[in-house]
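Please read these numbers as outputs of a predicted model, since none were measured by experiment. Lettering follows sequence order; numbering is per chain, from 1.
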2 protein chains.
Amino acid sequence: MPLGRRKQLILQAIIEDYIKTAEPVGSRTVSKKYLTNVSPATIRNEMADLEEMGYIEQPHTSAGRVPSDKGYRLYVDELMDKRTVNKQEHEFIRKEFMEVVGEIDMLIKHASRILSAMTNYASIAMAPQFKRTSLKHLQLIKVDSYNILAVIVTDAGIIKNSIFRTETDIEDGVLEKINKILNHKLVGLSIEELVNMDISQLEVGAGPIGEYEQVFSKVLPELLQALRYSERVEIFSDGAANLLDLPEYNDVQKAKNFLNVLNESELLYDILNDVSNNISITIGKENKIHQLKDCSLITATYSYNGKIIGSIGVLGPTRMKYSKVISIVDCLTKNLSDILTKIVKS
Amino acid sequence: MPLGRRKQLILQAIIEDYIKTAEPVGSRTVSKKYLTNVSPATIRNEMADLEEMGYIEQPHTSAGRVPSDKGYRLYVDELMDKRTVNKQEHEFIRKEFMEVVGEIDMLIKHASRILSAMTNYASIAMAPQFKRTSLKHLQLIKVDSYNILAVIVTDAGIIKNSIFRTETDIEDGVLEKINKILNHKLVGLSIEELVNMDISQLEVGAGPIGEYEQVFSKVLPELLQALRYSERVEIFSDGAANLLDLPEYNDVQKAKNFLNVLNESELLYDILNDVSNNISITIGKENKIHQLKDCSLITATYSYNGKIIGSIGVLGPTRMKYSKVISIVDCLTKNLSDILTKIVKS
DNA sequence: TGTTAGCACTCTAAATCATTGAGTGCTAAT
DNA sequence: ATTAGCACTCAATGATTTAGAGTGCTAACA
C-alpha cells in the first residue's frame, strides 16, 4: 500500500523534527511548523494510521510520536531530500587531505578523524585490505647473519615488513638471486593468490631455482607466514566522545555499551568487511550486532584503481542526519580513492 | 611535623575505605572496621586535625571525610603497603605475552590491553621511540623506475618504511653501492644523531662517494626527511570504557572530558614522554593536564638492552588502587623489556 | 591530659504528593 | 473529509517532608 501523499509529508515532518530535537513530535507541532494548512486533529488521525502501519511509535500515551526503524527506512529510501556536500564541506575535505603525509594507514586514520569531525558522530575505518591488493615488489634483506627482513610492497603503496630468523647464514649474492627469481615469478599476483599458493609448485619450477632450493625451502614458508599474518587489517575509530553530547547517551550504561563495541576491532572489522555496495545504510535493528540496535551505520567503500580495498563509515543514533552524513561519506570516500590512486601513479 | 601513629592509621583507614567504596568515610566506620579499640569521638577529633592539615576533606558538613590529593600523596609515599604481583597475575602477564606475534607496535598495543584488563582502569602506551634507538640496517629499494623505498631497521626490531620519488631512473647497481656506503657510514649511529646530521659532511667524505654524488644529493634529503617524519610515535589507549563503571564518572560530562583527553594523542605523548624515573605516580592536581585533575596516573618506562625507549601507564580516578596498579605496571614493563631484548637477540 | 558518652545540629538523599501541561482519542458539528 | 471541542492520560517538575548519617561540642571520666 503506497502511502498517501499527506501521510508521507507528515512522516517526513515527524522524522525531520525528531532528528533535530530528539523530542517526540506532537500533532500540534506538525501542524504549526510543517503542514500549516492542516489542523492538528486531521494530523492526529493520520498519525494514528501511521502508527498502525508501524512507521511511528508512541513512547507513552500522552507523548508525541517517534519514528520507528521502519519509518527511518522509508524516509531514507523514498522521502528524504538527497543533498550533496556544499562548497565549504567539499573544500574542507579537500584541504584536510592535502596536508596528509606519511604512511597510508595514517591517511585512513585521518579520514576517520575528518569524518567524525564533520558529522559529529563516531566514525570507523578499515585500513586497506592487504589481501585485496597485488604484489608490486618483494625484497628479502639480510639484517644480520641470522635475521632476514622481508619487505613486501603492493598496490596503493601498502608496505609490510616481517623479520624472521634463518639458521644458516645466507650469502648476500644468493639472497640477491632469490629476490630476482621471486620477483620475476610473483610480481603481479594478488596477495590472496599468493597466500593460497602451493609452494611446491614454485619449487619444482624452471632452471635456476633448483640451485638455491635449500635456501628456498627455508625462506618461502616464512614469507608465506608473514603474508598470512599481514591479512589482519588495522581498524580505526574516532569521535566516540561526540556521541556523549547526544541526549540518547545521557544514560551512561548505553554509552558504555557503545564504547565497548568501538573497542572491539573484530566486531568493527566484521561490520566494515561485509560492505558490498558502494554506500550501505543500516538502521537500528537491521544491524547484526545487537549492541547497535539503537544505532545507524553508514558505510562506504574506497578503492584503488577502481578496485575496492577498504571501507569507512559513520556510526550514530538512529536519529541521524542521514542526508548530510551520506553526502559527506560519499564525498570523502571518492576523494580518498582519488588520492590513493594518485599517490602511487604520480 | 611527622604525623602521629594513630593519625597515620586513621588516614590510611579513610583512604583505603574510600578507595573501596567511593563513599565519604565517617568516624563510626573507622572505629568499627579499622581501629576497633578507639571510640568514634576520639577519631572525630583526630579527623578534625587531619582535615586542618589538609590530608582529608569534607564534601559537606554532615558527610564523612574524603582523602585530598595531599592525603593520597602521603599514603602512596609512606603509608601504603607495597605489594607485588601475585602468582596468578604474574602468570597471566607471562601467558599474554607468549602469544603475541607480529610487529612491535602490536606488542605495545597488546601490553596496553593487558594493563587495562588487569587493572580495570584506562591504559595508555607509547610505541618505542624511534629516535631513541640506533640504526642497524638501512636499505634503499627500487620499487619501480621512479619510486624508491627506504627501509630502516633499528634496535629492538623497529622497522620504518618510506617511499619517495626520484626523477632520474637510478640503476640497480648504483643503488646497491649506495646502500653499501650508507650502511658502512651510518650503522650504529642513533637516529637522533642521524636526524641532526649535517648532510654535506657526508657528501664530501672519502673516496667512493664522489662518484655517486648526484644520486646522493637527491636521495639523502629524502631519507632524512623520512627519518624526521618517523619521529612521531604511535600512541595507544585502551579500557576507557572501564571508567564508566566507576561512580565518579556517572556524570556524562566528566566522562566526556576524559574521553577527549584519551583521543588527543599529542597530550598523551606529552604525558608519557616526560617520564624519567622508572615508575612515576601523579596524583590529581599534580597533573599538568588540567582535564586530569581528578585522575591519577601511574606510568613506567620499558627499555631495550637497558636503554629506555618508551613508556606505558594507567589512568584512573585519584581513588585508585595504587598498590595493585603499581605492582602490575612494574611487572608488566619488566616483562616487556625482557621480551623486547629477547626478540632481537634470540 | 587524653578519651569517651551524650546530644543538639546540619545537610543530603529519598520519598511523597500536588501541579502542570503537552498530547491523545473520541464525538459531534461543519 | 475535516475540524473544533473536550475529557482523559501520563511524564515531568517542584515543593514538602522524612530519615539518617555524620559532625562538633560539652561534660564526664580514667
Quick test of your reading: applying side-chain hydrogen bond (donor to acceptor under 3.5 Å, both in side chains), list the pairs with at least one residue in residues 252-263 of chain A, sequence neighbours left out, ordered by first then second residue. A/K256-B/D245

Give the rounded distance in Å between these two atoms: CD of B/E46 and P of C/dG2. 10 Å

Of all residues at least two apart in sequence or in a different chain, which pass the side-chain contact (heavy atoms from CB on, under 4.5 Å) check with B/A41? B/S39, B/R44

Restricting to salt bridge (Lys or Arg N to Asp or Glu O under 4.0 Å), what partner residues turn up for A/D81, sequence neighbours left out? none

Measure the distance from CG on A/L35 to P on D/dT2 and round it to the nearest whole Å. 12 Å

Listed by chain and number, what are the salt bridge (Lys or Arg N to Asp or Glu O under 4.0 Å) partners of A/R28, not counting sequence neighbours? none

Quick one: which residue pairs count as a salt bridge (charged side-chain N to carboxylate O under 4.0 Å, His left out) with a foot in residues 265-285 of chain B, not counting sequence neighbours? B/D69-B/K285, B/D274-B/K288

Taken to the nearest whole Å, CG/A/N37 to P/D/dA1 is 18 Å

Contacts of A/E264 that satisfy salt bridge (Lys or Arg N to Asp or Glu O under 4.0 Å) - sequence neighbours left out: none

Donor-acceptor pair, B/E96 side chain versus B/I93 backbone, under 3.5 Å? no

Take nucleotides 12-30 of chain D nucleotide by nucleotide from the 5' end and write B, S or -, depending on whether a protein heavy atom sits under 4.0 Å from the base, only from the sugar-phosphate, or from neither. ---------BSBB------

Residues within residues 6-19 of chain B bordering DNA chain D, heavy-atom distance below 4.0 Å: none

Measuring to OP1 and OP2 of D/dT3, would you say a side-chain N or O of A/S39 lies under 4.0 angstrom away? yes

Quick one: list whatever passes salt bridge (Lys or Arg N to Asp or Glu O under 4.0 Å) with B/E46, sequence neighbours left out. B/R6, B/K7

